[in-house]
Amino acid sequence: MTSSPNLFERLRNGETIQAGDPEAYKMRAASDETRKLLVAMNNASDPEAIRDLLSQITGAEIDESVAVFTPLYINYGKHTRIGKNVFINFGCTFLDLGGITIEDNVLIAPNVSLLSEGHPISPEERHSLVPRSIHIKSNAWIGAGATILPGVTVGRNAIVAAGAIVSKDVPDNVIVGGIPAKIIKTIR
């Protein structure tokens, strides 16, 4: 007999979780555990201690080339993957139940939000959770206060301007900005 995927596998696979799902309570319990580690991480000043606690939060080793300026807010953590030589500045928020992948050499400015989760438009289904993974490709730069919405891929070498709200994929080697973000310039 084959067992069905657990809640977190279903989320990672992009399955909408209905409000009355019998496993939904597990999301809150997992977030409670993550918050305990976040309190310690966000009060640490030693870069090695911060990376160690972030490794515990994500369930994957964070390379010593990664720099994180706390505070950093994450609701789950286990669906976040961070490459090498990544810089994450102060005050960022990662909602990662849908999955967040940050490749090598990415720069993330202060107050960036990576939101891999949303809700249906329908008022009757509004309390359901719709996960869609976010992928930030290598050497991208996400400007201060930018928001990356569920399901978006930011291309290699791309720049997201400060304050942009990105709701659609960003091609490689472009600068996007605005609300909603649009291509401003090609990088040569």
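Worth saying up front: this structure is predicted, and the values here are computed from it rather than measured.
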Checklist line | Candidates Leu37, Ile57, Ile100, Thr93 - the one meeting side-chain contact (heavy atoms from CB on, under 4.5 Å) with Ile74 | finding: Ile57
Checklist line | Heavy-atom side-chain contact between Arg12 and Ser133 under 4.5 Å | finding: yes
Next item on the list: Determine yes or no for a side-chain-to-main-chain donor-acceptor pair under 3.5 angstrom, with Asp52 supplying the side chain and Glu48 the backbone.
Entry: no
Check: Distance-only, no hydrogens or angles: does the Arg81 side chain make a donor-acceptor pair with backbone N or O of Ile102 under 3.5 Å?
Finding: no
Next item on the list: Hey, could you give me the CG/CD1 distance between Leu54 and Ile88, rounded to the nearest 0.5 Å?
Entry: 6.5 Å
Next item on the list: Quick one: pull up CG in Asn111 and OH in Tyr73 and give me the separation to the nearest 0.5 Å.
Entry: 9.0 Å
Margin query: For Leu97, is there any backbone N or O sitting under 3.5 Å from a side-chain donor or acceptor partner on His79?
Written below: yes
Notebook entry, point to check: Is Phe94 linked to Leu11 within one hydrophobic cluster, defined over Ile, Leu, Val, Met, Phe, Trp and Tyr using a side-chain heavy-atom separation of less than 4.5 Å?
Noted result: no
Check: Counting distance only, does the side-chain N/O of Asn105 pair as donor-acceptor with the main-chain N or O of Asn139 below 3.5 Å?
Finding: no
Notebook entry, point to check: Have Asn85 and Asp104 got a donor and an acceptor in their side chains that come within less than 3.5 Å?
Noted result: no
Margin query: Checking Ser55 against Glu61: is there a side-chain donor and acceptor pair closer than 3.5 Å?
Written below: no
Notebook entry, point to check: Is it the case that more than 12 heavy atoms not belonging to Arg28 sit under 6.0 Å from its CZ atom?
Noted result: no
Check: Got a sec: does the CD of Glu64 have more than 12 other heavy atoms crowding it under 6.0 Å?
Finding: no
Item checked: Joint cluster assignment, Leu95 & Leu149, ILVMFWY side-chain distance < 4.5 Å -> yes
Next item on the list: Taking all heavy atoms of Ala109 and all of Gly143, pick out the closest pair and write down the distance.
Entry: CB-C, 3.5 Å
Check: Do you see a donor-acceptor pair shorter than 3.5 Å between the side chains of Asn157 and Asn173?
Finding: yes
Item checked: Side-chain heavy atoms of Arg10 within contact of Asp21, under 4.5 Å -> yes
Checklist line | Donor-acceptor contact below 3.5 Å, side chain Arg132 vs main chain Gly14 | finding: yes
Notebook entry, point to check: Between CG of Asp63 and CD1 of Ile82, what distance do you get to the nearest 0.5 Å?
Noted result: 11.0 Å
Item checked: Gap separating the OG1 atom of Thr101 from the CG atom of Leu114, nearest 0.5 angstrom -> 11.0 Å
Item checked: Linked, directly or transitively: Ile165 and Leu115 (ILVMFWY side chains, under 4.5 Å) -> yes
Notebook entry, point to check: Any donor and acceptor pair, going by atom type alone, linking the side chain of Asp96 with main-chain N or O of Asn75 inside 3.5 Å?
Noted result: no
Checklist line | Sub-4.5 Å side-chain heavy-atom contact between Arg51 and Val68 | finding: no
Check: Should Phe69 and Ile50 count as side-chain neighbours, where that means a heavy-atom distance under 4.5 Å?
Finding: no
Notebook entry, point to check: Is there a path from Leu129 to Ile148 through hydrophobic residues (I, L, V, M, F, W, Y) whose side chains come within less than 4.5 Å of each other?
Noted result: no
Check: Checking Glu103 side chain against Lys137 main chain: does a donor-acceptor pair fall under 3.5 Å?
Finding: no
Next item on the list: Could you note down all residue pairs passing ring pair (Phe, Tyr, Trp, His ring centres under 6.0 Å) where residues 101-133 supplies at least one of them, sequence neighbours left out?
Entry: none
Notebook entry, point to check: So, Asn13 side chain and Glu15 main chain: donor-acceptor pair closer than 3.5 Å or not?
Noted result: no
Notebook entry, point to check: Salt bridge between Glu33 and Lys36, side-chain N to carboxylate O under 4.0 Å?
Noted result: yes
Next item on the list: Report the residue from Lys26, Met27, Glu23 that forms a side-chain contact (heavy atoms from CB on, under 4.5 Å) with Ile17.
Entry: Met27
Next item on the list: Measure the acute angle between the ring planes of Phe8 and Tyr76, then classify it against the limits of 30° and 60° as parallel, tilted or perpendicular.
Entry: parallel
Show me the donor-acceptor pairs, under 3.5 Å and distance only, between side chains in residues 179-188 and residues at least two apart or in other chains.
none

Next item on the list: Group every Ile, Leu, Val, Met, Phe, Trp and Tyr by side-chain heavy-atom contacts under 4.5 Å, then state whether Ile108 and Ile62 land in the same group.
Entry: yes
